[in-house]
There are 2 protein chains.
Amino acid sequence: MVIKTGFVGKYQHNLDDKNRVSLPAKIKKYIEEVASSPEFGGRIMLTKGPDNCIEGFMVGDWQTMAEKVKTNMSFKRNPEDEELEEIAMNADQVTIDKSGRIMINAELKKHAELGKSAVFVGAIDRFRIWNPDKLAEKYNGR
Amino acid sequence: MVIKTGFVGKYQHNLDDKNRVSLPAKIKKYIEEVASSPEFGGRIMLTKGPDNCIEGFMVGDWQTMAEKVKTNMSFKRNPEDEELEEIAMNADQVTIDKSGRIMINAELKKHAELGKSAVFVGAIDRFRIWNPDKLAEKYNGR
DNA sequence: GTAGAAAAGTGGGATAAAGTGGCAGATTAG
DNA sequence: CTAATCTGCCACTTTATCCCACTTTTCTAC
């Protein structure tokens, strides 16, 4: 039985010129332990988060959200689904490469105003990726 | 068991002069993973969607939705029936060719006011195809 | 603590895949 | 039979991924 502590901690990493960034070892390890099933091919769902951050989920958690829409599927949309639709529109499913990195696409990079440096922040059921300055601004002095 | 994340993301692609357009790799991959049954020969159902967009479904999902409509059908007509008829009337079942492209017929192209550029938008149980300007207009600034 | 080993993180070149456009043969309609 | 359209194929460009080398950090044993 795996102990599910969730994502915790704060880690600064660099983007390379191909917009790749290493997942912090502890975040990567947690993902691999919890979601080690064969159908999980090291996949992560990235979305636009609040305050210019990027949020990362494990695909299993995303699936739970998506199932809600699928079970009520019809030609016409429910208004409640539209919110999730907009999240889906701005989401990106990325894979963890052989070096333990993920790619941040142009739109997400712009949303988070990322330059070369990015900070990963654990938030239990998700992790967030911040521009270091934006993060400091938000949690100033705390 | 495959993790069903649904359709996600946003991808700009070009129509060629024969109104063919490549399916985004991630959308295509998802279709192939989830709908890998032999009777599904890489087929997609395209319909006129809301706000000038085109909606794309996997044929299996289309069938499920159509069955639902049939079981609720009554002898008396109601406004929703007509709406659904119109959707069915304007639907087009397209196949994915060997280069991973689908063809947008003239009527759907006109409905979406497509020019050379089209944006695919993931919406969990379906994907949508938009004129880039129309899409920006609808989700302006978000 | 320190030394050596292992793991994590970074960068860049090589390879593979995705996306695009054009041409040519096949198919269909008139 | 001819013209128009559809489909497959190929070539090329761009982008993503793999793979290896190297540096830095963390871990382990003494």
Side-chain angles (χ1 to χ4, degrees), chain A residues 7-33 36 40-46 54 56 59 91-110 114-122 127 129-132, chain B residues 7-33 41-46 54 56 92-110 114-122 127 129-132:
Chain A
F7 295 114
V8 292
K10 195 159 76 172
Y11 316 88
Q12 186 280 324
H13 281 179
N14 293 334
L15 299 212
D16 66 17
D17 57 0
K18 292 164 186 161
N19 295 322
R20 293 178 300 185
V21 63
S22 295
L23 280 180
K26 286 183 182 171
I27 284 183
K28 184 163 155 274
K29 194 164 287 171
Y30 179 69
I31 290 169
E32 285 166 356
E33 281 174 3
S36 58
F40 171 85
R43 292 178 296 176
I44 298 288
M45 194 65 83
L46 298 181
I54 297 169
V59 284
D92 188 16
Q93 187 192 298
V94 298
T95 57
I96 303 173
D97 75 13
K98 295 286 169 66
S99 302
R101 292 181 281 200
I102 55 173
M103 234 200 73
I104 311 290
N105 74 35
E107 190 162 340
L108 290 173
K109 187 179 175 188
K110 189 179 163 205
L114 291 180
K116 188 171 169 48
S117 180
V119 177
F120 285 75
V121 179
F127 60 85
I129 306 174
W130 287 84
N131 172 321
Chain B
F7 294 112
V8 295
K10 201 157 70 174
Y11 315 89
Q12 187 280 321
H13 281 181
N14 294 333
L15 301 211
D16 66 16
D17 56 1
K18 282 154 193 140
N19 296 322
R20 291 181 299 187
V21 63
S22 295
L23 279 181
K26 284 180 180 172
I27 285 185
K28 185 163 155 274
K29 195 166 286 170
Y30 180 69
I31 291 170
E32 285 166 356
E33 280 176 3
R43 290 176 299 170
I44 299 289
M45 194 65 86
L46 297 182
I54 298 170
D92 187 14
Q93 186 189 297
V94 298
T95 57
I96 303 173
D97 76 13
K98 295 284 170 66
S99 302
R101 293 183 277 203
I102 55 172
M103 235 200 74
I104 311 289
N105 74 35
E107 190 162 345
L108 290 173
K109 188 180 175 189
K110 189 180 163 204
L114 290 180
K116 188 172 168 50
S117 180
V119 178
F120 285 75
V121 175
F127 61 85
I129 306 175
W130 286 84
N131 172 321

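Every chain is numbered from 1, with letters handed out A, B, ... down the list of sequences.
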Kindly point out which of dG11(C), dC6(D), dG19(C) is positioned nearest to the side chain of H13(B)? dG19(C)
Let me know the distance between CD of Q12(B) and C1' of dA18(C), rounded to the nearest Å. 14 Å
Using heavy-atom distances to pick each residue's nearest nucleotide on DNA chain C, tell me which of K18(B) and K26(B) is more 5'. K26(B)
Answer yes or no: is there an ion pair linking K28(A) with E32(A), defined by an N-O contact shorter than 4.0 Å? yes
Starting from C1' on dC18(D), measure out to CE on M103(A) and report it in whole angstrom. 14 Å
When rounded to the nearest 0.5 Å, the distance separating CD1 of I102(A) from CG of L15(A) is 9.5 Å
Nucleotide dA16(D), atom C1' - distance to CD1 of I102(A) in whole Å: 14 Å
Per atom distances to the S99(B) side chain, the nearest of dG8(D), dC10(D), dG19(C) is dC10(D)
Tell me the interatomic distance from K98(B), atom NZ, to dG19(C), atom P, rounded to whole angstroms. 19 Å
Taking OH from Y11(A) and P from dA8(C), how many angstroms apart are they, rounded to a whole number? 12 Å
Separation of I104(B) CD1 from I54(B) CD1 (nearest 0.5 Å): 4.5 Å
Which atom names give the shortest non-hydrogen contact between N131(A) and L114(A), and what distance separates them? N-CD2, 3.5 Å
Parallel, tilted or perpendicular: which fits the ring planes of F127(B) and F120(B), with parallel below 30° and perpendicular above 60°? tilted
Taking atom P of dA17(C) as reference, at what distance in whole Å does atom NZ of K29(B) sit? 9 Å
Can you check whether K28(A) has a side-chain N or O nearer than 4.0 Å to OP1 or OP2 of dG9(C)? no
Checking contacts here: which listed nucleotide (dG9(C), dG19(C), dC19(D)) is nearest the side-chain heavy atoms of A25(B)? dG19(C)
How close or far is atom C1' of dC6(D) from atom CG of D17(B), stated in whole angstroms? 12 Å
Nearest-nucleotide comparison on DNA chain C, the residue closer to the 5′ end among R20(B) and V21(A): V21(A)
Decide yes or no, distance alone: a donor-acceptor N/O pair under 3.5 angstrom between the base of dG21(C) and the side-chain of R101(B). yes
Atom CD1 of I96(B) and atom C1' of dT7(D): how far apart are they, to the nearest Å? 15 Å
Checking all strands, does L23(A) fall into the base, sugar-phosphate, or nothing category for heavy-atom contacts under 4.0 angstrom? sugar-phosphate
